[in-house]
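Have a look at the structure below before the remarks.
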Amino acid sequence: QVQLVESGGGLVHPGGSLTLSCAASGSIFSINAMGWYRQAPGKQRELVALITSGGSTTYADSGKGRFTISGDKVKNTVYLQMNSLKPEDTAVYYCNMVLQSSRTRLFNSYWGQGSQVTVSS
């Protein structure tokens, strides 16, 4: 069984910074990709940033130049550093990992529990 646990959300003023973390634990053989998504009220969940096992990164246009995704293969952890935050960044942020189970050797997609990020003065 695999579990993803997020931390780091909260309330921040416009222009401020936050770092989200997501640690995976359990029967993990390898991680293919790690990403962050967000869902604002009344909107669909959208990709924020993605990092592959090879280190390639993809960012949504909304976060380019402000957000940085990074991964720690030893700790099975993905981070999202968010700078210059705007009110429109307010959303629940979810981490996602596509990983291979050490028990079944099958790849599956797993989600964190979600972290509220509120950007407000």
Side-chain angles (χ1 to χ4, degrees):
Q1 187 173 357
V2 174
Q3 186 177 18
L4 272 59
V5 178
E6 301 180 28
S7 61
L11 173 65
V12 63
H13 293 308
S17 298
L18 274 179
T19 299
L20 302 179
S21 301
C22 174
S25 61
S27 304
I28 300 169
F29 182 75
S30 66
I31 299 177
N32 191 47
M34 300 184 284
W36 288 95
Y37 293 73
R38 68 185 184 186
Q39 187 166 18
K43 295 187 177 181
Q44 289 188 334
R45 190 173 298 188
E46 62 179 7
L47 174 70
V48 176
L50 184 71
I51 184 167
T52 68
S53 59
S56 298
T57 56
T58 302
Y59 293 93
D61 288 343
S62 59
K64 284 181 180 177
R66 300 188 298 126
F67 295 175
T68 302
I69 188 171
S70 61
D72 186 326
K73 293 181 180 180
V74 174
K75 296 182 179 180
N76 290 334
T77 300
V78 61
Y79 305 93
L80 183 68
Q81 171 69 42
M82 302 184 289
N83 299 323
S84 302
L85 282 162
K86 306 174 182 179
E88 50 263 44
D89 294 318
T90 296
V92 178
Y93 284 70
Y94 297 91
C95 65
N96 174 268
M97 294 190 190
V98 177
L99 58 86
Q100 187 177 23
S101 167
S102 59
R103 293 191 298 115
T104 66
R105 297 301 173 94
L106 295 176
F107 283 95
N108 274 304
S109 176
Y110 297 85
W111 292 91
Q113 80 276 14
S115 297
Q116 177 68 47
V117 172
T118 302
V119 184
S120 175
S121 55

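Only this structure's heavy atoms are used, side chains among them; waters, hydrogens and symmetry mates stay out.
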Let's go through Val78 and Met97 carefully: what are the C-alpha distance in whole Å and the side-chain angles of both, what is the deciding distance for side-chain contact (heavy atoms from CB on, under 4.5 Å) to 0.1 Å, and is it a yes or a no?
CA-CA 9 Å; Val78 61; Met97 294 190 190; 3.8 Å; yes

Under the side-chain contact (heavy atoms from CB on, under 4.5 Å) criterion, do Tyr110 and Leu99 qualify, and how do the steps go?
CA-CA 8 Å; Tyr110 297 85; Leu99 58 86; 3.5 Å; yes

Would you please test Asn76 and Ile31 for side-chain contact (heavy atoms from CB on, under 4.5 Å) and show each step?
CA-CA 8 Å; Asn76 290 334; Ile31 299 177; 3.5 Å; yes

From [X] [atom1] over to [Y] [atom2], what is the distance, rounded to the nearest 0.5 angstrom?
{"X": "Leu20", "Y": "Ser115", "atom1": "CG", "atom2": "OG", "result": "6.0 Å"}
{"X": "Gln1", "Y": "Ser101", "atom1": "CD", "atom2": "OG", "result": "10.5 Å"}
{"X": "Leu47", "Y": "Tyr37", "atom1": "CG", "atom2": "OH", "result": "5.0 Å"}
{"X": "Ile51", "Y": "Ser70", "atom1": "CD1", "atom2": "OG", "result": "6.5 Å"}
{"X": "Arg103", "Y": "Ile28", "atom1": "CZ", "atom2": "CD1", "result": "12.0 Å"}
{"X": "Glu6", "Y": "Gln113", "atom1": "CD", "atom2": "CD", "result": "4.5 Å"}

After noting the C-alpha distance and the side-chain angles of Asn83 and Ser17, does the key distance pass the side chain to side chain donor-acceptor pair (under 3.5 Å) rule?
CA-CA 4 Å; Asn83 299 323; Ser17 298; 2.9 Å; yes

Regarding Arg45 and the six-membered ring of Tyr94, is the cationic atom NZ or CZ under 6.0 Å from the ring centre and inside 45° of its axis?
yes

Pairs meeting criterion ring-ring contact (aromatic ring centres under 6.0 Å, His included) with involvement of residues 5-24, two or more places apart
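As it turns out, there is no ring-ring contact (aromatic ring centres under 6.0 Å, His included) pair with a partner in residues 5-24 once direct neighbours are skipped.
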
Main-chain N/O of [Y] paired with [X] side-chain donor or acceptor, under 3.5 Å:
{"X": "Arg38", "Y": "Val92", "answer": "no"}
{"X": "Tyr59", "Y": "Ile69", "answer": "yes"}
{"X": "Gln100", "Y": "Arg105", "answer": "yes"}
{"X": "Lys73", "Y": "Ser30", "answer": "no"}

In sequence, state the C-alpha distance, the side-chain angles, and the governing distance for Thr90 and Glu88, and then conclude on side chain to side chain donor-acceptor pair (under 3.5 Å).
CA-CA 5 Å; Thr90 296; Glu88 50 263 44; over 6 Å; no

Distance-only side-chain donor-acceptor flag, Ser109 / Asn96, under 3.5 Å
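Side-chain D/A pair, Ser109 to Asn96: present.
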
Residues Thr19, Leu80; criterion side-chain contact (heavy atoms from CB on, under 4.5 Å); working and verdict
CA-CA 5 Å; Thr19 299; Leu80 183 68; over 6 Å; no

Does a side-chain N-to-carboxylate-O contact under 4.0 Å join Lys86 and Asp89?
no

Less than 4.5 Å apart, side chain to side chain, heavy atoms only: is that true for Trp36 and Cys22?
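When only atoms from C-beta onward are counted, Cys22 and Trp36 do touch, with a gap below 4.5 Å.
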
Taking all heavy atoms of Ser121 and all of Pro14, pick out the closest pair and write down the distance.
N-CD, 3.6 Å

Does Thr52 form a side chain to side chain donor-acceptor pair (under 3.5 Å) with Asn32? I'd like the steps, not just the answer.
CA-CA 6 Å; Thr52 68; Asn32 191 47; over 6 Å; no

